[in-house]
Structures are given as C-alpha cells and as structure tokens.
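Down below is the structure, laid out as structure tokens.
None of the values given here were measured: they were computed from a predicted structure.
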Amino acid sequence: MPVVVVESPAKAKTINKYLGSNYTVLASYGHVRDLPPKDGSVNPDDNFAMTWEVAAESRKHVKAIADALKTDDELILATDPDREGEAISWHLQEALASTIKKGKKVSRVTFNAITKAAVTEAMAKPRQVDVPLVEAYLARRALDYLVGFTLSPVLWRKLPGAKSAGRVQSVCLRLIVEREMEIEAFRPQEFWSVDVVLATPRGTEYAARLVTLGGKKLDKFDIPTATAAELAVSAIDHRTFSVKAVEKKPATRNPYPPFMTSTLQQEASRKYGMGAKMCMSAAQRLYEAGYITYMRTDGIDMAPEAVMQARDAIKSEFGAAYVPDSPRMYKNKAKNAQEAHECIRPTDMHATPEKLRLADPDQRKLYDLIWKRTIASQMAAARMERTVVDVLSPDGQVGLRANGQVVLFDGFLKVYDEGRDDDGDDEGRLPQIMEGEAAEKRKVTPEQHFTQAPPRYTEATLVKRMEELGIGRPSTYASVITTIQDREYVRKDKNRLIPEDKGRMVTAFLTNFFRRYVEYDFTADLETELDDVSDGSRTYTEVLSRFWRDFSAAIAETAELRITEVLDKIDEFLAPHLYPPREDGSDPRICPTCGQGRLHLKTARSGGAFIGCGNYPECRYTRPINGADEASGDRVLGQDEGLDISLKTGRFGPYVQKGEATTEQPKPPRSSLPKGWSPESITLERAIMLLNLPRAIGPHPDDGALVEAGLGRFGPYIKHNSTYANLTDPEEVFTIGMNRAMEVLAQKALRPGRAPAAGPLKELGAHPDGGAIQVMPGRYGPYVKWEKVNATIPKTADPMTLTIEEALVLIAEKAGKSPAKKPARKAAPKAEGAPKAAKKPAAKKPATAKKPAAKKPAVKTSAS
C-alpha cells in the first residue's frame, strides 16, 4: 500500500478522501529539515556545502513515515506544486534515505487543486524530484542564511537594539522608510477650484467646473490663492452662459484578470482590511479543503476546462448576454510564475459562495472575492457612454465643463469591481442637455485645496510596489511584511505601515555601508538570477559565489567601524529630515534648551534612536528623530514658584517639566502624560497637578502609614507601605479620598492569586466553643478561619459584610466534611511495682538475594 506524504493534516484528510483505503496518507507538517541556527551551517569555503538538521518537533513525523515504509514499498511525495513544495519533498527523501531500501519506489506528484480529478490525474503521472527547482531553493536559503548570520552581528555591534537584517526584508523596510521621509519633507502647495451648479431651461441642475479663465485654459495651480479665486468667482457672476458643445463618446471597460498571489492580497486588504498573513492563512485553508486552486502563484492563466466551466456558470447565473463571444485568455507577465502557473480560482465554478456556506468568516469573505473575480474575468465587457459638456460665456473669456457617464450595459460590473487604494472622483449621470441652450447659474462655489503628501504604504500597496520592482516572490510577500513588524522595525496603524526609530536607523546604516545590497535593481536582478537557477540555465553555486565575493568584502570593511563613526554617518545622512529649518532662521542644530550645545543623533540601550544635546549631562534636552521639536508641541505653559512649567516631547512621548536642567539640579521635576491625555488638552493647572504627584491622601487608619496616589509606568495607583493597587481612571488620582482608597486596597487584598497578607481582613468575634473567628485573605480568595478550620467564602458573598452567624454556618459545613477523630484510649493504670512488659521483637523478613539491575541497551543517536 503506497505511502503518500503531504505538508499538512488538513490536506492529508482531503486527499485521503479521494484516494481511499488503498493508500496511507501522512503529513510532514511542513519542512522537516533546516539549517541549524549557528555559524558554519553554510560553508562558502567548501563550495557552499550546507549542514542540515531534522527539527526536534519533526522527528516524530519523520519516524511515522519511516515506520509506514517498513511494510510498504512505495513512497509518493505529494507536496505543493511550487519551489517550497519541491524542497519539502527533497528534504523528506534525504531524511528518509536510510529507510528507503533498495527496491522501494520513490516518486513525486503535483496537482494545482485538491479535487478528485486533479489528484487522480496526478497519481497517473508520477515523476522524480525536480533538481533545478530544489537548487533554486538551496540558493535562496543559503543567501538568506549568509546575509542573516554575517550582517546581523554587524548590526548588533554597531547599532545597539537592532535585531537582525534579512536580504528581502531590508529592501522592503527601505521602501517604507523612504516613503516616510518623503512625507516629512513634503511641503503642501495651495490651489483653488471653482465649481458651478447650472440648470437647463427645463430646470434640471447639473455640476460643472471652471476650466477657462481670461480665454486661457487653466492648469492645476493657476488659481493659487483665495484672492485669485474671488476674482474668478466675480468673472463667473458677471457673465451669462450657454452650451457650446455636447460630445458623447462610447466606451468599454474590460474585466480584470483572475487573481494571482499579489493581487489577491491587495484586494483582500482593500475590501476587508486583511493583512497579507491573514489572507494567505485563509487561502491555505480553502486550498487544503479543495475549494480553490493553489494560492502561491504569479500566474493569471486559467486551465481551458476551467474557462469553459466559468462560461457555463455565467450563462446559468446571469444569462447568455453576459457571456462574451469567445473565451478570454490572459497572458502571464511574470517571467517564471513561481513554478505554479495557473491563477487562483475556485475548483468548481458552479459552487457559488451562497451554496458553499463556509462557517469561517475569513474563508467565506475570501472565497466570495475569488469566485466573483474569476467569474467576472470571463464575462462580457461593460459598455458606457461618456458625455462632455462645454459651457461658454458670450465673450469666450470664461469656460465651464461638465462630465458625465452612463452605463449602458453593466457586463462584468454586475458581479465585481476592483477596489481602489485612493479615492477618486466618480462621474455621475448628466441630464438631457442640448447644444446652444442657455445654462442658468444657480450656485458658484470656490474651494480651497492643498497638494497631498504621498500616502503611507498599506500592506496591499507595499506588495504592489514590491511586485513592480521585482522584489520577492509570492511565497515571500506575507512573511517579509510580517517579519519587519515582528522585529519592531515597522508598526501598523489604521492599516498604514509606519517605520519605527529602529527601522529608520537600520535603513540608514545599510544605505550608507551596504548600499548595493538594499538597492532595488540589485535585489530584482538577484531574484532573476535565482529564477534562472530554477529553469536550469544557471548553477546555484555560481550565483552564490558571485554574491559572496563582494558581500564578504563589504562585511570586512565595517569590522573596524566605531559606533560614534556610524552614528555620525547616519546623522549626516538623515540631517535634512532630523533638523528641518526653523521659522526664525536660526541654526536647527543648536539646542533650543541651553542654546549652546549642538544636537546629535544618539541611541539608547533599548535600540531607540533620538536626538540629544551635545552638552549632556549639563543639558538633558531630547526629542524623537522624526523631526518633532519645540515647534511641534514644546511650549511654556506658565510659571509656578518662579519656574517655567513646560510641555515637551521626548523619545518616550510628551511630558511636562518644571524648570530646566542646571548643574545643581541636573534632573528637573517632570511627569509623562497619562494615557488618554492629549498634549493639546494640557493647561498650566493640569501640568502642576501632574508635577505634584504622588499626592498624599492621609494616614492609614490601622497602622498610621501614609497612603499616596500617583502615576507609574503601569498607570495610576494607590500605595500603602509596599502594596500598590491600580486605579482604572487617571483623573481619580487627583481626587481620591481615604474611604475610596481603603476600598481599592481591600479589593487588591481580596484578589484571587494574591499572596496572603500578614493580618486578618476582619475580626468577626468569638466562637461559642472558644477561639476567634476571622476573615483572612488567601491565595485563592478570602476565607473564614477558626482555630484549624479554614472555610472558603463563596464568590457570591462579600467578605467585608460577612456576619458571625454566616461564618458559623460555613465553619460547621467545613468541619462536617472532615472525618470525626476517634478519641485516643487511655492506658489502664499500672499497679505499683508491676514489672514492665518486655518489648516483643519485630519479626524479620527473610533475606532475599538482590537481582542485578538489568542494563538498558545503549542507543546511539546521530543528527540527520
């Protein structure tokens, strides 16, 4: 009975359903071997020999496959149809080499969809592992290892806090950082437009825009100010208008091609806000369940039988008018198409989202997207009529234009329209307008605009840009974007990717000292060379040798660099963005606090980068590296006790400070803003309240120790001796009194899991049989204690309001559960002078010879 191996148990379950009991289907759970994460796993001096190791969690899976092969003579490797799938099959074959004895048959099968027909057809066409495809994997894996294990230590030494650098991740990070620098350097430009509401002689209104003024066609910035806009409005107001021309043009819109990996990730992000990782996870589950074809591909081709099935589904669902005369064929633009050429499509075109009724919401949304896009790709084009109406004043000095569009036949738009990354103006329907008729002015509206900075990347637009540049491949997009977020180089805020300080520093370092390796063209060319390896036109050692020769030399050049030298270089590189010009024309590098020190780029042990004064420690001025300074929020709020109270921005966020650093007082009083407090809301009074924390509430009624309210790293709190109790409302720290403080401290003491306090929470009185009854705090909640009886207080009862009567009931119930102890018998009194009874010797057990312990056979282990 052949043993079939796939990557995942879900895929194994689906395939087993089609193959039946004549096959044993097992899962490898992904890759079973990898390079050990230590130096020397790839040896450039030995023709890039690689040392592989079976992962600890994979050994049981390899053993299960090996055990199955003891009774079966055929191994069928049925992993995914791309480069990674081929590599998994190769690793399995190598790891099982000792098990695959002479005479056993090993074959490789691939299928682009997990359906009965596809699986059956694949089983009838076995082949061997594709060596060039495996070598393409080996080249990529070796490159990533060499970059990671040689460049990352350089980062750790030169940039404290930097985690690591990856070959593709570093280039992706550069894209995000450079976009952020463009945004910071952007200066908006003002311009105006003038919109006019016109009406036909029949009273129907329509919108138009000013396009000609003074007989000259207007460009975007020809109305630069409000004054110019007012003059334009005046010119319109003092003229009458008539329709000069009405031009109608037919237009068509063709459908979009079916999905490949990048476009699926982009649409899932636009329409549902799915990140690349979430999208691919849902797609993986749909593929393994047999609902869609393989989801990692650069291909947009569709199998001929799928095209015909789509046309049949369109006809049955929407009618013959929506089926084009001939099938639509899409040509793949990608050179190598990730070795899995077909698009992402449903395996059954007639399985509409309504019929499938998937339970998982992410899978349901994604399948709906894939089905609609695939069906739409084979539908008829949409037909439209676009209308342009030119309205002119009698003297020809002022011209207006109205645009409209009418959909004559919706075609593929009935099912699907692609989302947009940025909003655009939609042209609406125009009323019936006749050439030569009068156009009555109803309303003239000038509108101010400013040019917009380029938008931050979303995961969708970043994938699109990487695809345009030829960086990465379908199997890497999601992991690359996830990695730079996990390393805290980038954060995602409202679906936009924003570089952190660490990310900026890493990009600046690599751009200065390893510029070639983060260049877009170099990375794209390297990807092309790796693709050449997969089609057999290059050897992987040739690609590795050429890369390593120059890369190792670049690494050696940075060995002697000092951290200060690196920071100076980065400081110089980022200077235009770190030190933007000041409005007063003063030197932006001079410290605004002491007026003497020069600002420099610095790093903390945590790896965070910031700008600090060169006169440290005499001057402790700091600010973030994103260009924010005193002009963006730092201001004096007023004075208290003759000292300035200032609102400042540091590398850890906004804070208030009393006075400035001096030799006598190098650390002036300061306080960070509580969570939820915006810098705009800070007044002098609120700043003084913050600076006066911690605030004394009063002496504790039990021991007289001071109870205080303050703000800490975990938020507002109440403190009594060494006990800290959190407050939920930051405002309460300024108003809380002793009664409320006692309540908060009591709740802290009663919290389950807290170590018992030294004393009782409450004294209830004396037990009728003697002894005090107390309410005690316990690790698992409060309880009633009487002598050696501890009775748990029910969660429904309040320990602080428990009465002695209720406590007695709890004690009685607890004591009743314990077995009654029998009273000890008293020995009979002995007569005086009676001899003591001799102790009876204990009977000895017969001695038995000890058996020697059986030695376990030695087991010799070796790493695969």
Side-chain angles (χ1 to χ4, degrees), residues 8 10 80 82 84 168-169 172-173 175-176 179 256-300 338 340 343-347 351-354 356-377 415-423 455-468 471-487 489-498:
S8 71
D80 288 343
D82 63 355
E84 286 297 312
V168 180
Q169 293 94 326
C172 180
L173 177 62
L175 280 170
I176 297 169
R179 175 58 59 88
Y256 306 95
F259 280 131
M260 54 183 174
T261 304
S262 59
T263 51
L264 176 64
Q265 291 176 3
Q266 290 164 39
E267 274 297 86
S269 176
R270 292 184 192 115
K271 284 188 162 62
Y272 302 123
M274 282 188 186
K277 184 178 180 180
M278 183 189 298
C279 169
M280 295 312 291
S281 175
Q284 178 86 35
R285 285 174 282 165
L286 289 171
Y287 166 69
E288 291 175 344
Y291 296 136
I292 65 170
T293 54
Y294 193 56
M295 65 288 159
R296 291 187 180 94
T297 176
D298 284 338
I300 53 174
Q338 184 58 24
C343 65
I344 305 170
R345 61 169 177 83
T347 53
T352 64
E354 294 74 23
L356 213 54
R357 294 182 181 177
L358 293 165
D360 183 85
D362 289 339
Q363 292 183 50
R364 186 169 60 248
K365 290 175 184 175
L366 204 64
Y367 182 81
D368 181 74
L369 204 59
I370 294 168
W371 185 87
K372 287 179 177 176
R373 175 85 166 218
T374 307
I375 291 294
S377 72
V415 177
Y416 177 86
D417 193 10
E418 188 173 73
R420 300 178 184 179
D421 294 318
D422 300 296
D423 294 333
R456 290 187 174 108
Y457 284 111
T458 63
E459 290 193 8
T461 55
L462 183 60
V463 167
K464 184 178 181 181
R465 184 62 179 146
M466 290 171 68
E467 184 186 30
E468 290 170 353
I471 299 168
R473 290 295 181 263
S475 60
T476 65
Y477 294 140
S479 62
V480 165
I481 295 172
T482 301
T483 298
I484 59 175
Q485 292 180 65
D486 290 344
R487 290 176 183 167
Y489 290 160
V490 170
R491 74 177 188 275
K492 189 158 73 169
D493 183 22
K494 297 178 181 176
N495 209 33
R496 298 283 175 175
L497 298 171
I498 305 171

Residue pair Thr483, Tyr489: steps toward the side-chain contact (heavy atoms from CB on, under 4.5 Å) verdict: CA-CA 9 Å; Thr483 298; Tyr489 290 160; over 6 Å; no
I'd like to check [X] versus [Y] (side-chain heavy atoms, cut-off strictly below 4.5 Å). Are they in contact?
X: Val463; Y: Ile481; value: yes
X: Ile471; Y: Val168; value: yes
X: Tyr477; Y: Glu467; value: yes

Partners of Arg456 by salt bridge (Lys or Arg N to Asp or Glu O under 4.0 Å), sequence neighbours excluded?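 Counting only residues at least two positions away or on another chain, Arg456 forms a salt bridge (Lys or Arg N to Asp or Glu O under 4.0 Å) with Glu180.
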Partner residues of Lys277 under the salt bridge (Lys or Arg N to Asp or Glu O under 4.0 Å) criterion, sequence neighbours left out: none
Run the side chain to side chain donor-acceptor pair (under 3.5 Å) test on Glu267 and Tyr256 for me, step by step, so that the C-alpha distance in whole Å, both residues' side-chain angles and the decisive distance to 0.1 Å come before the verdict. CA-CA 12 Å; Glu267 274 297 86; Tyr256 306 95; over 6 Å; no
Please report the shortest heavy-atom distance between [X] and [Y], naming the atom on each side.
X: Ala478; Y: Met280; value: CB-CG, 4.1 Å
X: Thr293; Y: Cys343; value: OG1-O, 2.9 Å
X: Leu264; Y: Cys279; value: CG-SG, 3.9 Å
X: Ile292; Y: Tyr367; value: CG2-CD1, 3.9 Å
X: Pro346; Y: Thr374; value: CD-OG1, 3.3 Å

If you count heavy atoms of other groups shown closer than 6.0 angstrom to NZ of Lys271, is the number above 12? yes
Could you point out which residue of Lys464, Arg179, Met466 forms a side chain to side chain contact (heavy atoms under 4.5 Å, CB included) with Tyr457? Arg179
Which residues pass the side chain to side chain contact (heavy atoms under 4.5 Å, CB included) test with [X], sequence neighbours left out?
X: Ser8; answer: Ala10, Lys11, Glu288
X: Asp362; answer: Met274, Met278, Ala282, Asp360
X: Asn495; answer: Ser269, Thr458, Lys492
X: Thr352; answer: Glu317, Glu354, Lys355, Trp371

Does Lys372 pair with Asp368 as a salt bridge, N-O distance under 4.0 Å?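 Salt bridge between Lys372 and Asp368, a charged N being under 4.0 Å from a carboxylate O: yes.
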